[in-house]
Amino acid sequence: MSKHQRDLFNGLVRIHVLVHAAQEPLFGLAMMEELKHHGYRIGPGTLYPLLHGMERNGLLISELKNVGGRRRRVYKLTKTGRKALEQAREKVDELHEELHEEHPRKLAAE
């Protein structure tokens, strides 16, 4: 994936993380698999810094848990993260409509 694609899709990946964290606590490997299902090829060197940044920004909170005999960092959505997801949902819906308009609104006078 090129840097331009990565920059463009980074926000979408964050929204995916928020969506799944709103449903249940998540951990990195499971999130990588889910993103792969949607066509994103993201490795741990990209995903974990993204998750840590989302935690620093107050969108997620994490804790270490024993899962199947292994220690895993599990991420949960915060109230701030839930509010961000609601706002993102509105913006994505708006963008979806614009992407599928036959004649999007013109920006400049001719």
Side-chain angles (χ1 to χ4, degrees):
M1 184 181 299
S2 73
K3 181 180 178 349
H4 297 297
Q5 288 173 313
R6 216 173 16 254
D7 289 346
L8 184 63
F9 294 142
N10 226 355
L12 297 174
V13 168
R14 284 182 170 85
I15 293 171
H16 271 283
V17 169
L18 293 175
V19 166
H20 289 282
Q23 299 302 312
E24 61 185 336
L26 60 89
F27 59 97
L29 182 59
M31 196 66 229
M32 280 188 277
E33 289 298 318
E34 176 61 21
L35 290 167
K36 184 178 177 182
H37 171 76
H38 292 285
Y40 299 97
R41 298 183 73 179
I42 294 179
T46 300
L47 183 64
Y48 287 106
L50 184 137
L51 292 171
H52 297 157
M54 292 177 75
E55 187 172 18
R56 274 192 311 276
N57 290 328
L59 302 172
L60 301 172
I61 189 166
S62 72
E63 61 182 330
L64 285 173
K65 285 195 168 191
N66 283 323
V67 179
R70 298 183 68 186
R71 288 181 55 93
R72 290 205 167 134
R73 183 160 298 277
V74 177
Y75 294 87
K76 296 179 184 179
L77 195 65
T78 64
K79 287 181 185 180
T80 301
R82 191 166 304 282
K83 183 172 176 132
L85 176 57
E86 290 169 14
Q87 293 169 338
R89 189 173 276 128
E90 291 172 13
K91 292 298 182 185
V92 167
D93 287 346
E94 184 180 304
L95 179 58
H96 180 266
E97 287 179 26
E98 191 167 347
L99 280 170
H100 295 281
E101 285 179 4
E102 188 171 330
H103 302 288
R105 185 171 64 95
K106 294 188 184 229
L107 300 178
E110 293 180 19

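Every heavy atom of this structure was used, including side-chain atoms; hydrogens, water molecules and symmetry mates were not. Note that the structure is predicted; figures quoted are calculated from it, not measured.
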Flag side-chain contact, heavy atom, 4.5 Å: L18 against M54: yes
Quick one: closest heavy-atom pair of P44 and P49, and the distance? O-CD, 3.5 Å
State, yes or no, whether a side-chain contact exists between K83 and K79 at a heavy-atom distance under 4.5 Å. no
Validation row: L60, L77 side chains within 4.5 angstrom (heavy atoms): yes
Is the shortest side-chain heavy-atom distance between F27 and M32 below 4.5 Å? no
Say you draw a straight line from CG of L51 to CZ of R14; how long is it, rounded to the nearest 0.5 Å? 9.5 Å
Would a distance-only check, ignoring hydrogens and angles, find a side-chain to backbone donor-acceptor pair under 3.5 Å from T78 to L59? yes
In terms of the angle between their ring planes, are H20 and H38 parallel, tilted or perpendicular, with boundaries placed at 30° and 60°? tilted
Check whether any side-chain heavy atom of H100 lies under 4.5 Å from a side-chain heavy atom of H96, and answer yes or no. yes
About how many Å separate CG of L26 and NZ of K76, when rounded to the nearest 0.5 Å? 11.0 Å
I61 side, atom CD1; T80 side, atom OG1 - distance, nearest 0.5 Å: 10.5 Å
Please round to the nearest 0.5 Å and tell me the distance separating atom OG1 of T46 and atom CG of L50. 8.5 Å
From E94 atom CD to E98 atom CD, the distance as rounded to the nearest 0.5 Å: 7.5 Å
Are Y75 and V17 side-chain neighbours, meaning at least one heavy-atom pair lies under 4.5 Å? no
Using side-chain heavy atoms (C-beta onward) and a distance below 4.5 Å, is L35 in contact with L47? yes
Are side-chain heavy atoms of Y48 and R73 found at a separation under 4.5 Å? no
Does Y40 belong to the same Ile/Leu/Val/Met/Phe/Trp/Tyr cluster as V92, with side-chain heavy atoms less than 4.5 Å apart forming each link? yes
List in chain and number order the residues that pass side-chain contact (heavy atoms from CB on, under 4.5 Å) with V19, two or more places apart in sequence or in another chain; answer none if no residue qualifies. I15, L85
